[in-house]
Amino acid sequence: FRRRSRYIAVFSGLVIAFAVTVVLNINTGNVHISVPKILRILFLRDGAATEYSIIWRIRLPRILMAAMLGGALSLSGFLLQTFFANPIAGPFVLGISSGAKMVVAMTMIIFLNYMGHFSSYTLIVAAFIGSLISTGFILLMSKKVHHMAALLVGGIMIGYICSAVTDFVVTFAEDSDIVNLHGWSQGSFSGMSWSNVKVAALMVGITLILTFFLSKPIGAYQLGEMYAQSMGVNIRVFRVLLILLSSVFSACVTAFAGPISFVGIAVPYLIKHLLGTAKPLVVIPATFLGGAVFCMGCDLIARMAFAPLELNISTVTSI
């Protein structure tokens, strides 16, 4: 009864925080729109043309992307922490986000120079390849190095190497490309469109469903590899799936919003402590919801702290 009450309290708190953050994000900005007007615009599609355009074309896509990508980044961290059995593991710390950033930067420069445009799917594929390159190096190191501290140092090294390669590539880019890359590489949810929302919803939605299907093997794996094997879990396939799902989540975030720090480590850790359990069926939805609330809140601060100047999202998440 105590455990169930705790779950209900945590989920209720997250849902209330989510609702409040959504309202604040839609309501707050350079143009203030009252809550009754927001409800009329959202549900009746009725209101002044300017306010209607601000909500439907600017604020709503941005809020939805912040929620989806925040949840995806948190779940990426949760899967990596499960894989390495360590709360320090996360896509930013282990250099996975930097790998994705490196390949996306190269792709953006090449496509803009030779084709003039690129699609959201192109960026996601590029980010996924970059994530897998970094993860591959970490996995090779994990076979040789069994001490987590050394593995962490290796992850940080990979992150710095990828950042150095990105900087080297940017040196030879056109000025207009450098401006685009600089804005994207600092991390931001600005400039999101409904086409971005559709692509992200498809990618994150499918990956989230697959993560739910893995909840029982994750629960068994948390009790040790030997126990998981005795429960019929194919460890090799399971570990590959964990890495692939984590990479897809991380790739979606990096492709659309750039590398975002801290969220992948902090949110899963805090949610597990709030719930008082590591049970995947409970932790997975709570982590996704917690990441969504955290990133929406940080995005609101990034927009409003020094308005009209906008802070980078990574600056706010780190603080």
Side-chain angles (χ1 to χ4, degrees), residues 62 65-80 89-112 118-138 155-156 158-167 169-170 177 180-192 196-197 199-204 206-208 243-265 267 288 291-292 294-295 298-299 302 312-318:
R62 180 169 181 157
M65 286 297 280
M68 282 190 290
L69 298 182
L73 193 56
S74 300
L75 273 183
S76 176
F78 169 72
L79 293 173
L80 286 172
F92 198 84
V93 172
L94 291 172
I96 294 168
S97 294
S98 298
K101 175 185 170 182
M102 176 184 73
V103 179
V104 169
M106 289 177 176
T107 306
M108 284 172 79
I109 290 168
I110 292 163
F111 271 71
L112 285 170
F118 49 83
S119 68
S120 301
Y121 289 107
T122 307
L123 289 184
I124 289 173
V125 170
F128 180 64
I129 291 166
S131 298
L132 284 182
I133 290 168
S134 295
T135 310
F137 276 112
I138 293 162
I156 293 165
I158 290 162
Y160 276 114
I161 291 165
C162 291
S163 295
V165 172
T166 308
D167 293 340
V169 168
V170 168
D177 297 343
N180 292 329
L181 276 169
H182 181 72
W184 167 82
S185 67
Q186 298 301 309
S188 175
F189 293 116
S190 64
M192 297 297 178
N196 294 150
V197 172
V199 175
L202 180 69
M203 297 300 296
V204 173
I206 291 169
T207 316
L208 181 60
I243 286 296
L244 285 175
L245 292 175
S246 175
S247 296
V248 171
F249 277 136
S250 184
C252 282
V253 178
T254 308
F256 287 112
I260 300 172
S261 60
F262 192 67
V263 181
I265 297 176
V267 174
F288 191 87
F294 185 77
C295 278
C298 288
D299 189 44
N312 302 317
I313 192 69
S314 282
T315 306
V316 182
T317 55
S318 298

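Note that the coordinates shown come from a computational prediction; the quantities given were computed from them, not determined experimentally.
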Please name the pair of heavy atoms, one in Gly291 and one in Ser74, separated by the smallest distance, quoted to 0.1 Å. CA-OG, 3.0 Å
Would you compute the distance between atom CZ of Phe249 and atom CG of Leu79 and round it to the nearest 0.5 angstrom? 6.5 Å
For Thr166 and Met102, work out which heavy atoms get closest and say how close. OG1-CA, 3.2 Å
Would you sort out whether Ile260 and Phe189 count as a side-chain contact (heavy atoms from CB on, under 4.5 Å), showing the intermediate values? CA-CA 10 Å; Ile260 300 172; Phe189 293 116; 3.7 Å; yes
Any idea which heavy atoms bring Ala201 and Met68 closest together, and the distance? CA-SD, 3.5 Å
Given Leu244 and Phe128, is the side-chain contact (heavy atoms from CB on, under 4.5 Å) satisfied, shown in steps? CA-CA 9 Å; Leu244 285 175; Phe128 180 64; 3.8 Å; yes
Count the heavy atoms of every other residue, nucleotide or ligand shown that sit under 6.0 Å from CZ of Phe137, and state whether that count exceeds 12. no
If we ignore hydrogens and angles and just use 3.5 Å, is the side chain of Ser134 paired with the main-chain N or O of Gly95 as donor and acceptor? yes
Show your working on side-chain contact (heavy atoms from CB on, under 4.5 Å) between Cys162 and Lys101 and close with a plain yes or no. CA-CA 8 Å; Cys162 291; Lys101 175 185 170 182; over 6 Å; no
Any side-chain heavy atom of Arg62 within less than 4.5 Å of one from Asp299? yes
Keeping the roles fixed (side chain from Ser97, backbone from Thr254), state whether a donor-acceptor pair exists under 3.5 Å. no
What is the minimum heavy-atom distance between Cys298 and Val316, and which atoms define it? O-CG1, 3.6 Å
If I compare all heavy atoms of Ala200 with all of Phe256, which pair ends up nearest, and what's the gap? CB-CE1, 3.9 Å
Considering all heavy atoms, the nearest Ile124-Val199 contact: CD1-CG1, 3.5 Å
Could I get the full list of side-chain hydrogen bond (donor to acceptor under 3.5 Å, both in side chains) partners for Ser76, not counting sequence neighbours? Ser246
Considering residues at least two apart in sequence or located in another chain, which fulfil the side-chain hydrogen bond (donor to acceptor under 3.5 Å, both in side chains) criterion with Thr315? none
Could you check whether any side-chain heavy atom of Val204 comes within less than 4.5 Å of a side-chain heavy atom of Phe288, counting everything from C-beta outward? yes
Side chain to side chain contact (heavy atoms under 4.5 Å, CB included) partners for Ser163, two or more places apart: Ser98
For the atom pair OG (Ser250) and CG (Leu245), what is the distance rounded to the nearest 0.5 Å? 12.5 Å
If you measure from CG on Leu69 to CE on Met203, what distance do you get to the nearest 0.5 Å? 12.0 Å
Taking C-beta and beyond as the side chain, do Ile243 and Leu80 meet within less than 4.5 Å on heavy atoms? yes
Looking at Val263, is its backbone amide N or carbonyl O close enough to the side chain of Thr317 to form a donor-acceptor pair, meaning the two atoms are under 3.5 Å apart? no
Could you go through Val197 and Met192, starting from their C-alpha distance and side-chain angles, then the distance that decides it, and tell me whether this counts as side-chain contact (heavy atoms from CB on, under 4.5 Å)? CA-CA 8 Å; Val197 172; Met192 297 297 178; 5.5 Å; no
